[in-house]
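Inspection log for the structure reproduced underneath, given as structure tokens.
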2 protein chains.
Amino acid sequence: MDTQLKIDIGKSAKILKVLGDKTRLTMLKLIEEQTCCVCEFVEIFQMSQPSISQHVRKLRDVDLIKEERKGQWVFYSLNHNSEWYEFLLPILEQLPNQQDKIEELEKKGTRITCC
Amino acid sequence: MDTQLKIDIGKSAKILKVLGDKTRLTMLKLIEEQTCCVCEFVEIFQMSQPSISQHVRKLRDVDLIKEERKGQWVFYSLNHNSEWYEFLLPILEQLPNQQDKIEELEKKGTRITCC
DNA sequence: TGAATATATAAGTAAATTGTTATATAGTTA
DNA sequence: TAACTATATAACAATTTACTTATATATTCA
């Protein structure tokens, strides 16, 4: 008997498909350590705001991330209560740290640290 | 400093994209425990032979599986020497066992156990 | 060698994905 | 309230994906 209950291989594949994009995977690794807002992602990935929003939406649609509005910004972070959090962790663990991207924002003065 | 050397997040995303398909993910979980040939996959997944071959090719293209020809059959198994084997393992670990599919083949008498 | 079986690949198609631009919505601030 | 900033979504285009059918290649066996 498996220790995990009800983990479905089809749903797992769907989650992995969402992870299977460099932008989204990097986003997840980034917010493993701190929250980020959309405009920071735009700066980091040098992509249009709608494109970033659409990537964020895919992560949100499968419940991997949670959002928290603070003033005009929406901050995203890993959803530790997600049914898939345990599934995600060992994958993220194996990825290289992306905090240099945050440090770069701080250098440029475009890091948002509100509230 | 990370313990892992040279793991690239872009390449990781590519691997995860290959994993992000129910058929391929199930194939990997299946051959975690024993080798399978293409015609067994055709039987298991009830898909056309070219479709199966194309899925197998994607797994082979990123070096996740290895092939071994035995007579008229080509048997596939996890490539334990793959650069991505360590990355793959914790993912497969979390997936439900698929050996019931093999048992079904054995019941139907369509299991190939050559040599 | 010729027929049969197993596998791979090529070409074509439908659907899904990922970006774009335009626009809508929500909150802030003057 | 009006202008501004941040974010989301809609509509569209280009690319990629995952099948299909047709065909090529490799091996076995009569």
Side-chain angles (χ1 to χ4, degrees), chain A residues 9-11 13-28 31 35-62 64-77 105 109-115, chain B residues 10 13-28 31 35-77 105 108-115:
Chain A
I9 204 160
K11 187 69 199 296
K14 266 181 203 155
I15 299 294
L16 290 168
K17 175 178 278 186
V18 172
L19 302 185
D21 174 275
K22 184 179 181 181
T23 303
R24 291 193 294 266
L25 192 59
T26 307
M27 281 178 172
L28 286 175
I31 62 175
T35 64
C36 282
C37 67
V38 173
C39 62
E40 289 173 320
F41 285 143
V42 169
E43 179 83 9
I44 289 169
F45 294 106
Q46 293 288 304
M47 286 172 107
S48 71
Q49 176 269 313
S51 184
I52 292 294
S53 273
Q54 283 154 14
H55 280 301
V56 165
R57 190 181 212 291
K58 291 196 179 184
L59 293 170
R60 201 160 33 80
D61 280 351
V62 293
L64 289 180
I65 62 177
K66 60 172 195 271
E67 66 174 51
E68 185 183 2
R69 180 174 276 276
K70 286 189 184 173
Q72 55 191 151
W73 298 285
V74 179
F75 286 87
Y76 288 96
S77 56
L105 286 191
T110 52
R111 176 85 169 128
I112 312 279
T113 45
C114 106
C115 313
Chain B
K14 268 181 201 152
I15 299 293
L16 290 167
K17 176 178 276 184
V18 171
L19 302 185
D21 174 276
K22 184 179 181 180
T23 303
R24 291 192 294 266
L25 193 59
T26 308
M27 281 177 172
L28 287 174
I31 63 176
T35 65
C36 282
C37 67
V38 172
C39 62
E40 288 174 320
F41 285 143
V42 169
E43 179 83 11
I44 288 168
F45 295 106
Q46 293 289 305
M47 285 172 108
S48 72
Q49 177 269 313
S51 185
I52 292 294
S53 273
Q54 285 154 11
H55 280 301
V56 165
R57 192 183 212 288
K58 294 199 175 183
L59 293 170
R60 202 160 32 80
D61 280 350
V62 294
D63 206 36
L64 289 179
I65 62 177
K66 60 170 194 273
E67 66 176 51
E68 185 183 2
R69 180 173 277 275
K70 285 188 183 175
Q72 54 191 153
W73 298 285
V74 179
F75 287 86
Y76 287 96
S77 56
L105 286 191
K108 284 197 274 184
T110 52
R111 175 84 167 129
I112 312 278
T113 43
C114 104
C115 313

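Note: hydrogens, waters and symmetry copies are ignored here, and every other heavy atom, side chains too, is used.
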Output side-chain donor-acceptor pairs under 3.5 Å for residues 14-21 of chain B, partner residues at least two apart or in another chain, one line each.
unit_1, atom_1, unit_2, atom_2, d
B/Asp21, OD1, B/Thr23, N, 3.0
B/Asp21, OD1, B/Arg24, N, 3.1

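- Remark: B/Arg69 engages B/Val74 in a side-chain contact (heavy atoms from CB on, under 4.5 Å) (not counting sequence neighbours).
- Computed from coordinates, the A/Glu43 CD to D/dT5 C1' distance equals 15 Å when rounded to whole Å.
- The CH2-P distance, from A/Trp73 to D/dC4, rounds to 17 Å in whole Å.
- Looking at which nucleotide of DNA chain D each of A/Glu67 and B/Ser48 is closest to, the 5′-most match is held by A/Glu67.
- By the 4.5 Å heavy-atom criterion applied to side chains, A/Val38 and A/Tyr76 are counted as neighbours.
- Rounded to whole Å, atom P of D/dT16 lies 18 Å from atom CG of B/Asp21.
- In terms of position along DNA chain C, the nucleotide closest to B/Glu40 lies nearer the 5' end than the nucleotide closest to the other residue of the pair B/Glu40 and A/Arg69.
- The shortest distance between side-chain heavy atoms of A/Phe45 and A/Thr26 falls below 4.5 Å.
- For A/Arg24 and C/dT18, the shortest distance from a side-chain N or O to OP1 or OP2 is below 4.0 Å.
- Counting heavy atoms from C-beta outward, A/Met47 and A/Ser53 have side chains that stay 4.5 Å or more apart.
- Between the C1' atom of D/dA8 and the CZ atom of A/Phe41 lies a distance of 15 Å, rounded to the nearest Å.
- In this entry the distance linking CG of A/Asp61 with P of C/dT18 reads 13 Å, nearest Å.
- One can place CD1 of B/Ile112 at 14 Å from P of D/dT28, the figure rounded to the nearest angstrom.
- Contact annotation for B/Tyr76: backbone-only contact, meaning every heavy-atom pair under 4.0 Å involves sugar-phosphate atoms and none involves a base.
- The side chain of B/Cys37 lies closest to C/dT7 when the candidates are C/dT28, D/dA8, C/dT7.
- Using a 4.5 Å cut-off on side-chain heavy atoms (C-beta onward), B/Ile52 and B/Met27 make contact.
- Of the residues in residues 50-58 of chain B, those lying under 4.0 Å from DNA chain C by heavy-atom distance are B/Pro50, B/Ser53, B/Gln54, B/Arg57.
- Taking 4.0 angstrom as the limit, B/Lys70 places none of its side-chain polar atoms (N or O) nearer than this to OP1 or OP2 of C/dA6.
- B/Phe75 places its CZ atom 13 Å from the C1' atom of C/dT5, with the value rounded to the nearest Å.
- Two residues are said to be in side-chain contact when any heavy atoms from C-beta on lie closer than 4.5 Å; B/Arg111 and B/Cys36 meet this criterion.
- Side-chain atoms of B/Gln49 and base atoms of C/dA8 include a donor and an acceptor less than 3.5 Å apart.
- Rounding to whole angstrom units, CE of residue B/Met27 and C1' of D/dA18 are separated by 12 Å.
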